[in-house]
A.B. asks: 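Before I ask anything, let me first share the structure, which is written out below as structure tokens.
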Amino acid sequence: LGAEHEFHLVSLDARAPGGEVDPDIGPSGMPQEIEDLFASVRVVPVREPVKPRGLARLLRVFSPDEVFDFDPAVHAVVEEVVAREGIEFVWTAGAKMLVYSARLGLPTLGDIADEAAKEALHDLKHARGPLSLARALRTFVKTWRFQRKYLAHTGVCTVVSGMDKDTLAKNCPDLPVRAVPNGVDCETFAPQGVPEDFPSVVFEGAMDFLPNKEGIQSFCRNTLPLI
């Protein structure tokens with residue numbers, strides 16, 4: 001793609017200020033060789049979300065605008081880059097950037113990777129107690145409404161599994177959805193040839209994310225006994 005198109009990156013920076021500097025990491029927090037793929041890189045600090053209070057909070061309890069923070073400072077940078085560079089197409093990496101791309105009026109690829117309503121519905125079905133049930137219901141409704149509102153402007157939406165594709169197609173029947181499976185760069189992540197101290201397996205992933213939970217459970221049940 002880089003041989004035929006020019007890419008510009010606007011990145012949210014969630015790193016703690018004053019942290020340790022890694023010489024191999026660029027200003028956006030990504031490896032320098034990744035940053036070098038872009039014609040320009042703009043990094044915007046992540047702010048603490050502004051939460052409504054009192055009646056305003058009650059009125060927005062099921063609002064799709066409560067799923068991800070909309071920061072005017074981030075949007076100003078996005079608009080500046082779009083205007084300066086004559087951007088013709090927007091590629092959103094992650095659902096949180098949809099709140100900005102929806103306001104640009106440009107053809108957009110919604111690369112959200114994971115469909116979130118399915119996880120929210122799972123939590124709703126397994127909620128215990130009235131308070132947990134109310135919170136899970138709120139999350140599910142907000143997530144479902146967010147998808148209906150903020151995916152409508154995308155020309156196509158991509159997810160990483162057929163299950164996510166099917167769920168999203170039900171929630172947004174008029175939305176073109178494509179499943180693009182995750183891949184691994186086997187050259188970059190090849191074994192280093194270091195002798196093993198003992199047989200070991202590392203599973204990397206946040207355990208508050210349903211697909212990671214399901215993945216490690218499936219591995220322990222079906223794969224580990226074979227090893």
Side-chain angles (χ1 to χ4, degrees), residues 1-2 4-15 26-31 34-47 49-50 63-120 139 142-183 206 209 211:
L1 289 176
E4 301 179 5
H5 305 280
E6 187 175 84
F7 289 84
H8 299 265
L9 173 68
V10 177
S11 173
L12 301 180
D13 187 358
R15 294 173 296 174
S28 70
M30 297 187 301
I34 301 297
E35 282 198 10
D36 291 342
L37 299 174
F38 297 93
S40 70
V41 176
R42 290 290 302 274
V43 181
V44 188
V46 175
R47 71 170 185 177
V50 179
S63 171
D65 299 321
E66 291 296 298
V67 176
F68 293 112
D69 180 47
F70 175 78
D71 185 348
V74 174
H75 189 57
V77 172
V78 173
E79 287 189 314
E80 176 193 336
V81 173
V82 167
R84 185 185 68 237
E85 306 297 344
I87 301 298
E88 299 176 341
F89 181 82
V90 177
W91 182 345
T92 63
K96 66 173 59 178
M97 297 305 293
L98 293 170
V99 298
Y100 302 104
S101 60
R103 292 168 164 85
L104 296 175
L106 291 172
T108 300
L109 164 63
D111 184 11
I112 65 171
D114 299 301
E115 193 284 322
K118 175 169 61 70
E119 180 180 1
T139 299
K142 287 194 308 177
T143 304
W144 181 83
R145 295 185 66 193
F146 177 88
Q147 291 181 348
R148 302 277 290 188
K149 177 177 180 178
Y150 284 105
L151 287 174
H153 75 282
T154 63
V156 64
C157 179
T158 57
V159 291
V160 297
S161 75
M163 184 180 296
D164 284 345
K165 174 186 175 182
D166 294 341
T167 302
L168 193 56
K170 292 178 181 179
N171 293 351
C172 307
D174 297 327
L175 177 68
V177 185
R178 301 290 184 271
V180 182
N182 287 323
F209 184 46

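Scope of the values below: all heavy atoms of this structure, side chains included, with no hydrogens, waters or symmetry mates. On a predicted model such as this, the values are computed, not experimentally measured, just so you know.
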A.B. asks: When you compare the side chain of Phe7 with that of Leu37, does any pair of heavy atoms fall below 4.5 Å?
C.D. replies: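 In short, these two side chains do not touch, never coming nearer than 4.5 Å.
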A.B. asks: Only pairs at least two apart or in different chains count here, so list each side-chain hydrogen bond (donor to acceptor under 3.5 Å, both in side chains) that has a residue in residues 103-113.
C.D. replies: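 Those involving residues 103-113 are Trp91-Asp111, Asp111-Thr158.
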A.B. asks: Work out which heavy atom in Asp71 is nearest to a heavy atom in Ala73; give both atom names and the distance.
C.D. replies: OD1-N, 2.9 Å
A.B. asks: Check the pair Leu168 / Cys157 against side-chain contact (heavy atoms from CB on, under 4.5 Å), numbers first and verdict last.
C.D. replies: CA-CA 9 Å; Leu168 193 56; Cys157 179; 3.5 Å; yes
A.B. asks: Looking at side-chain heavy atoms only, is the closest gap between Leu98 and Thr154 below 4.5 Å?
C.D. replies: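 Leu98 reaches Thr154 side chain to side chain.
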A.B. asks: Any salt bridge (charged side-chain N to carboxylate O under 4.0 Å, His left out) involving residues 148-176? Give me the pairs, sequence neighbours left out, ordered by first then second residue.
C.D. replies: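 Salt bridge (charged side-chain N to carboxylate O under 4.0 Å, His left out) check on residues 148-176 returns Asp65-Lys149, Lys118-Asp164.
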A.B. asks: Under 4.5 Å between any side-chain heavy atoms of Glu115 and Val177, yes or no?
C.D. replies: no
A.B. asks: What I'd like to find out is whether the side chain of Pro72 reaches to under 4.5 Å of the side chain of Arg47, using heavy atoms alone.
C.D. replies: yes
A.B. asks: What's the spacing between Asp69 CG and Lys96 NZ if we round to 0.5 Å?
C.D. replies: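 Going from the CG atom of Asp69 to the NZ atom of Lys96 covers 9.5 Å.
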A.B. asks: Check whether any side-chain heavy atom of Asp36 lies under 4.5 Å from a side-chain heavy atom of Ile34, and answer yes or no.
C.D. replies: no
A.B. asks: Start with the C-alpha distance between Leu151 and Phe146, add both sets of side-chain angles, then the distance that settles side-chain contact (heavy atoms from CB on, under 4.5 Å), and finish with yes or no.
C.D. replies: CA-CA 8 Å; Leu151 287 174; Phe146 177 88; 5.8 Å; no
A.B. asks: Tell me the closest heavy-atom pair linking Cys172 and Gln147, and the distance in Å.
C.D. replies: SG-O, 3.7 Å
A.B. asks: Would you please test Tyr150 and Phe68 for ring-ring contact (aromatic ring centres under 6.0 Å, His included) and show each step?
C.D. replies: CA-CA 11 Å; Tyr150 284 105; Phe68 293 112; 9.0 Å; no
A.B. asks: Please round to the nearest 0.5 Å and tell me the distance separating atom CD of Glu119 and atom OG1 of Thr167.
C.D. replies: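 The distance works out to 12.0 Å.
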A.B. asks: List the atom pairs, with distances to 0.1 Å, where a side-chain N or O of residues 74-81 and a protein N or O form a donor-acceptor pair under 3.5 Å, not counting sequence neighbours.
C.D. replies:
| from | atom 1 | to | atom 2 | distance (Å) |
| --- | --- | --- | --- | --- |
| His75 | NE2 | Glu79 | OE2 | 3.3 |
| Glu80 | OE2 | Arg42 | NH1 | 3.0 |
| Glu80 | OE2 | Arg84 | NH1 | 3.2 |

A.B. asks: Any ring-ring contact (aromatic ring centres under 6.0 Å, His included) involving residues 92-115? Give me the pairs, sequence neighbours left out, ordered by first then second residue.
C.D. replies: Phe70-Tyr100
A.B. asks: Under the rule for side-chain contact (heavy atoms from CB on, under 4.5 Å), what residues qualify as partners of Ala39, not counting sequence neighbours?
C.D. replies: Glu6, His8
A.B. asks: So which atom in Gly162 and which in Ala179 form the shortest heavy-atom distance, rounded to 0.1 Å?
C.D. replies: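 Heavy atoms only, the tightest pair is N-CB, 4.2 Å.
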A.B. asks: Taking the side chain as every heavy atom from C-beta outward, state whether Phe89 and Leu106 have any pair of such atoms under 4.5 Å apart.
C.D. replies: no
A.B. asks: Between Thr143 and Ala120, which heavy-atom pair has the shortest distance, and what is it?
C.D. replies: OG1-CB, 4.4 Å
A.B. asks: Taking side chain as C-beta onward, heavy atoms only, is Pro64 less than 4.5 Å from Lys142?
C.D. replies: no
A.B. asks: Taking all heavy atoms of Ser101 and all of Val90, pick out the closest pair and write down the distance.
C.D. replies: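 That closest heavy-atom pairing would be CB-CG1, 4.0 Å.
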A.B. asks: Could you tell me if the side chain of Val180 sits less than 4.5 Å from the side chain of Val159, heavy atoms only?
C.D. replies: no
A.B. asks: Excluding sequence neighbours, so at least two apart, what forms side-chain hydrogen bond (donor to acceptor under 3.5 Å, both in side chains) with Arg178?
C.D. replies: none
